[in-house]
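First the proteins, then the strands, lettered A, B, ... as listed; each starts at 1.
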Protein chains: 2
Amino acid sequence: MTEPRWLNADERRAWLALLSINTLLPAALDTQLQAAGKLSLFDYNVLAMLSEADGRFLPMSELAARTSASLSRLSHVVTKLQRRGWVEREAHPGDARVTVAHLTDAGMDTIESLAPGHVDAVRSLMLDAMTDDDVADLARIGEKIVARLDDDHWILRER
Amino acid sequence: MTEPRWLNADERRAWLALLSINTLLPAALDTQLQAAGKLSLFDYNVLAMLSEADGRFLPMSELAARTSASLSRLSHVVTKLQRRGWVEREAHPGDARVTVAHLTDAGMDTIESLAPGHVDAVRSLMLDAMTDDDVADLARIGEKIVARLDDDHWILRER
DNA sequence: TGATTTTAGTTGAAGCTTCAAGTAAGTGAA
DNA sequence: TTCACTTACTTGAAGCTTCAACTAAAATCA
């Protein structure tokens, strides 16, 4: 027997909900961050990933992996963040192909000042709608989907 | 007692998974649709929403709601789809402010030819990773989040 | 060793999205 | 009826993302 061609009721509901969340949630978070500091959700995530890394630096490839972005997209954005004084590019001592992105003190100050408002927004837009069980279910199911999309994805590493 | 400032382990897992899905899933579906018919996931959804509507037409505002898009974004995209012969703009008989988007026969042919491949992609990228219970949980939780983001959202209407 | 392939990253152009401003028609209040 | 306000939509410009092409260094291999 082959797979059914169309989606059943739950499949359709799950898919449409994910599609809607996908456009509405980033838009709402972008609006909050734009108002708070004239940056996008993606900009924020670049800074956040660097701020959590050892020594506040990461090779471009690793930073791209942690933000699920293409190297090209990241390169353009790092150039922009560099102009704003939040990130610097440095050479990698052992491998001359590698560029290391480094969060400056000014960048650290920025993300520390933005983080509380951003976390509040994530809570009020999404987490507050859910019970603790819902959150655990979403984490479990979400990681399954991520694994399907990219079985080496960094968020699965510590699992 | 005030809310905790930071996310706990499950909250962080759920949030990071959603963020990753958010960039990886549309990118993968875009790639499939780009290869199959040189259109984006958003283009596809515009055509799909029109194809499911009575008479294959909808006012721009309603189409914007069903694709979770701004009117501006939709207006630009409809112009593009119009140039490709898939959509037409028509006047609304009762209200001269309203523009009605109408799916042409060529547009209907296009979406009918693309739908099977697109549904297969949605299955293989996401649904195949999940059990039936997971799908039902995701539908339930996803709709809760959508309701939080926009309590009048059209996917909640028939609920 | 030297040639080939792979990895890491950058760049410019094209296309897409957002933003701000603008038009035109309908609604509501005095 | 008139004036102000709201709704529906469009437009052009600015900024962002993707794509293809490119450079340079490291790894592989004959």
I need the single residue from A:E88, A:H102, A:R89 that forms a side chain to side chain donor-acceptor pair (under 3.5 Å) with A:Q82. Which is it?
A:R89

Send over the distance from [X] [atom1] to [N] [atom2], rounded to a whole Å.
X     : N      : atom1 : atom2 : value
B:L71 : C:dA24 : CG    : P     : 17 Å
A:Q34 : C:dA20 : CD    : P     : 9 Å
A:L74 : C:dT10 : CG    : P     : 8 Å
B:E90 : D:dA8  : CD    : P     : 19 Å
A:L29 : C:dT18 : CG    : P     : 14 Å
A:H92 : D:dA26 : NE2   : P     : 11 Å
A:H76 : C:dT10 : NE2   : P     : 10 Å
B:R84 : C:dC16 : CZ    : C1'   : 14 Å

Is the distance from OP1 or OP2 of C:dG15 to the nearest side-chain N or O of B:K80 less than 4.0 Å?
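Answer no for this pair, as no side-chain N or O of B:K80 is under 4.0 Å from OP1 or OP2.
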
Think A:R73 has a side-chain N or O under 4.0 angstrom from the OP1 or OP2 of D:dT17?
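Yes.
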
Hey, is B:D137 close enough to B:R140 for a salt bridge, meaning N to O under 4.0 Å?
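Yes, B:D137 and B:R140 are salt-bridged.
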
Inspect the contact between A:D10 and A:R13 and indicate whether a charged nitrogen and a carboxylate oxygen are less than 4.0 angstrom apart.
yes

If you only use heavy atoms from C-beta on, which nucleotide in [options] is closest to the side chain of [X]?
X     : options                : answer
A:A96 : C:dT10, D:dA25, C:dA8  : D:dA25
A:S72 : D:dT11, C:dT17, C:dG12 : C:dG12
A:R97 : D:dT11, C:dT10, D:dA24 : D:dA24

Base, sugar-phosphate, or nothing: which does B:T99 touch, judged by heavy atoms less than 4.0 Å apart?
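Sugar-phosphate, backbone atoms only, no base.
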
Side chains of B:L16 and A:E143 in contact at under 4.5 Å (non-hydrogen atoms):
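No, side chains not in contact.
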
If you go through the side-chain atoms of B:S70, does one of them form a donor-acceptor pair with the base of C:dT17 closer than 3.5 Å?
no

Please confirm whether any donor atom in the side chain of A:S40 sits under 3.5 Å from an acceptor in the base of D:dC16, or the reverse.
no

Residue whose nearest DNA chain D nucleotide is more 5′ - B:V100 or B:T31
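Nearest-nucleotide comparison on DNA chain D picks B:V100.
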
Atom CG of B:D132: over 12 foreign heavy atoms under 6.0 Å:
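Not buried by this count: 12 neighbours or fewer within 6.0 Å.
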
B:D95 or B:D43, whichever maps to the more 5' nucleotide of DNA chain C
B:D43

